Amino acid sequence: IGAGTGLYSLLFAEAVGENGHVYAVDIEPLFLDLINRRAEDIGLENVTAVLGRRNNIALPKSSVDVVFIADTYHYFDDREEIMRSVKDALKPGGALVVVDFEITSETVRPEDKSHVRFGKAGVISEMEFVGFETTDEVVVDGLAENYFVRFRKP
């Protein structure tokens, strides 16, 4: 979700291979066109670009196993509504991964991150309010300013 130029979408498409499928969701049609061209250029046939809406990811109910949101959550206007659409799209037991900029009381927020409203604790609280279960936090070498948290749809 928030596929942008398709960096993660194309990596995931290669990882899941021909038996898997990736839905690259974004609200910007130009990004989706770029993802389609990039997938075609490298011969990936398991990527579908999806035009989401500001309050809905536009995927059918119980249609996906995993949702990945990197450096995008803080841009959502109506986080509760969009996360309810994510929950609807996930199959029971499906995973949600959120990677975003960490903010704590000790964080000195750089100017380019001034739009980030809150950090990991706030995101975990919001996900649990919507009905996700927090499963774990993954520590990734080199990911110093971001958190990586996994959730599960019951």
Side-chain angles (χ1 to χ4, degrees), residues 1-103 109-120 122-123 126-127 130 132 135-153:
I1 310 304
T5 61
L7 171 68
Y8 292 115
S9 300
L10 300 178
L11 291 172
F12 293 150
E14 289 177 355
V16 300
E18 60 187 46
N19 293 326
H21 200 87
V22 173
Y23 296 95
V25 179
D26 206 285
I27 61 171
E28 175 52 59
L30 293 175
F31 282 147
L32 300 176
D33 290 342
L34 176 61
I35 291 168
N36 283 332
R37 285 195 309 273
R38 291 182 68 202
E40 184 179 332
D41 287 349
I42 59 177
L44 292 173
E45 297 180 4
N46 61 344
V47 178
T48 300
V50 177
L51 182 61
R53 296 183 293 283
R54 291 200 175 275
N55 63 347
N56 192 306
I57 63 170
L59 291 175
K61 289 186 184 240
S62 299
S63 62
V64 296
D65 298 305
V66 178
V67 170
F68 181 79
I69 303 172
D71 293 326
T72 302
Y73 186 78
H74 60 267
Y75 288 112
F76 296 157
D77 293 325
D78 188 338
R79 295 182 307 277
E80 181 179 346
E81 191 170 354
I82 198 155
M83 293 316 298
R84 288 194 188 284
S85 80
V86 167
K87 188 176 172 205
D88 286 345
L90 276 168
K91 295 176 183 175
L96 165 64
V97 175
V98 178
V99 179
D100 218 317
F101 186 70
E102 175 65 302
I103 295 177
R109 197 175 325 181
E111 184 63 34
D112 66 331
K113 302 294 184 200
S114 63
H115 59 287
V116 180
R117 298 176 190 103
F118 50 81
K120 176 178 57 179
V123 170
E126 290 190 350
M127 295 304 149
V130 171
F132 287 100
T135 59
D136 62 337
E137 180 177 353
V138 179
V139 177
V140 179
D141 290 337
L143 200 62
E145 296 179 336
N146 298 75
Y147 59 86
F148 181 124
V149 180
R150 284 191 286 216
F151 303 89
R152 179 183 168 277
K153 175 182 176 176

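Because the structure is predicted, anything quoted here is derived from the model rather than measured.
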Walk me through it: do Leu34 and Asn36 pass the test side-chain contact (heavy atoms from CB on, under 4.5 Å)?
CA-CA 5 Å; Leu34 176 61; Asn36 283 332; over 6 Å; no
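- Distance check: Ile1 CD1 to Phe68 CZ gives 11.0 Å after rounding to the nearest 0.5 Å.
- Taking 4.5 Å as the limit, every side-chain heavy atom of Val16 sits out of range of all side-chain heavy atoms of His21.
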Could you go through residues 83-97 and list every donor-acceptor pair under 3.5 Å that involves a side-chain atom there, pairing it with any protein atom two or more places apart or in another chain?
from	atom 1	to	atom 2	distance (Å)
Arg84	NE	Glu80	OE2	3.2
Arg84	NH2	Glu80	OE2	3.0
Ser85	OG	Ile57	N	3.1
Ser85	OG	Ile82	O	2.7
Lys87	NZ	Val130	O	3.3
Lys91	NZ	Asp65	OD1	3.4

Does Val25 form a side-chain contact (heavy atoms from CB on, under 4.5 Å) with Leu59? I'd like the steps, not just the answer.
CA-CA 9 Å; Val25 179; Leu59 291 175; 4.1 Å; yes
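- Looking at Ser9, its side chain never comes within 3.5 Å of a backbone N or O of Ala3 through a donor-acceptor pair.
- Judged purely by atom type and a 3.5 angstrom limit, Asp26 uses its side chain to pair as donor or acceptor with the backbone of Gly4.
- Interatomic distance, Ile27 CD1 to Leu32 CG, rounded to the nearest 0.5 Å: 10.0 Å.
- Under 3.5 Å, the side chains of Asp71 and Asn146 contain a donor-acceptor pair of N or O atoms.
- In terms of heavy-atom proximity, Ala24 sits nearest to Val47 at CB-CG1, 4.5 Å.
- The shortest non-hydrogen separation linking Thr135 to Phe151 is OG1-N, 3.9 Å.
- Here CG of Asp33 is found 9.0 Å from CD of Glu28. Values are rounded to the nearest 0.5 Å.
- In this structure, Asn46 contributes its side chain and Gly17 its backbone to a donor-acceptor pair below 3.5 Å.
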side-chain contact (heavy atoms from CB on, under 4.5 Å), that's the test. Do Glu137 and Lys120 meet it? Break it down for me.
CA-CA 10 Å; Glu137 180 177 353; Lys120 176 178 57 179; 2.7 Å; yes
Show your reasoning for whether side-chain contact (heavy atoms from CB on, under 4.5 Å) applies to Val99 and Thr72.
CA-CA 8 Å; Val99 179; Thr72 302; over 6 Å; no
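- When all heavy atoms are compared, the tightest approach of Arg38 to Thr5 is NH1-O, 2.7 Å.
- Considering CZ of Phe132 and NZ of Lys153, their distance stands at 7.5 Å, rounded to 0.5 Å.
- Considering only heavy atoms from C-beta on, Leu10 comes within 4.5 Å of Leu44 through its side chain.
- A heavy-atom distance below 4.5 Å is not found between the side chains of Val139 and Phe148.
- Using bins of under 30°, 30° to 60° and over 60° for the plane-to-plane angle, the ring pair Tyr8/Phe12 lands in the parallel bin.
- Looking only at side-chain heavy atoms (C-beta outward), Phe76 and Asn55 stay at 4.5 Å or farther from each other.
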Checking Arg54 against Glu81 for the salt bridge (Lys or Arg N to Asp or Glu O under 4.0 Å) test, could you report, in this order, the C-alpha distance in whole Å, the side-chain angles of both residues, the deciding distance, and whether it holds?
CA-CA 9 Å; Arg54 291 200 175 275; Glu81 191 170 354; over 6 Å; no
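- Within the 4.5 Å cutoff, the side chain of Val66 has no heavy atoms near those of the Val64 side chain.
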